[in-house]
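Written out below as structure tokens is the structure these notes cover.
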Amino acid sequence: MRSTGRLLALACAALLLAAASWWLASPWWTLWRMRAAAEARDAGALSAYIDYGALRRSTRRQLKRKIGPVGGAVAGAAAGAAIRAETLRLLFLAGAGPKGGGAKPAQWRVTRHGLDGFTAAPAPAPAEGGKGSLEF
């Protein structure tokens, strides 16, 4: 009976360690996979991580705040034109230099939001939720 209790405690500890590791590492894994897709020019793989509708709505709201109500139509058109797989691919390759060589790749600052969300911002990072951050 005593060894069964130890085995159960070890299994629970291992499960807790695995869950904590996943929670800490998953944002970095996601960013790494997105960057790998961008480097491979695999628009399908990169797009699998992106909710284009939500990203366009968020970008439109941010642009409207910056340029005011008069520019609302312009904000919508600009968000629609700018939010494409190629544009986001370039974001992930920023700083990589020609053909991925030379300069240091872009660094990211990650801030967790609960169990299933995080914000990633290029370093040096703007304020939380500020210019240039991505919500996951």
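Index from 1, following the sequence.
Among residues at least two apart or in separate chains, there is no side-chain hydrogen bond (donor to acceptor under 3.5 Å, both in side chains) pair with a member in residues 10-19. Residue pairs meeting the ring-ring contact (aromatic ring centres under 6.0 Å, His included) criterion with at least one member in residues 17-37, sequence neighbours excluded: Trp29-Trp32.
The distance from the SG atom of Cys12 to the CG atom of Leu16 is 8.5 Å, given to the nearest 0.5 Å. Thr119 OG1 to Arg112 CZ: the interatomic distance, rounded to the nearest 0.5 Å, is 10.5 Å. Separation of atoms CD (Glu39) and CZ (Arg41) is listed at 11.0 Å; rounding is to 0.5 Å.
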Contacts table for residues 75-88: side-chain donor-acceptor under 3.5 angstrom, sequence neighbours left out:
unit_1	atom_1	unit_2	atom_2	d
Glu86	OE1	Arg89	NE	3.1
Glu86	OE2	Arg89	NE	3.4
Glu86	OE2	Arg89	NH2	3.0
Thr87	OG1	Ala82	O	2.8

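Ser47 meets the side-chain hydrogen bond (donor to acceptor under 3.5 Å, both in side chains) test with Tyr52; sequence neighbours excluded. Scanning for side chain to side chain contact (heavy atoms under 4.5 Å, CB included) contacts around Thr30 gives Met34, Tyr49, Phe118, Phe136, with sequence neighbours left out. Evaluation of the side chain to side chain contact (heavy atoms under 4.5 Å, CB included) rule for Ala48 yields no partner, not counting sequence neighbours.
A 4.5 Å side-chain heavy-atom check between Leu17 and Ser21 finds at least one atom pair inside the cut-off.
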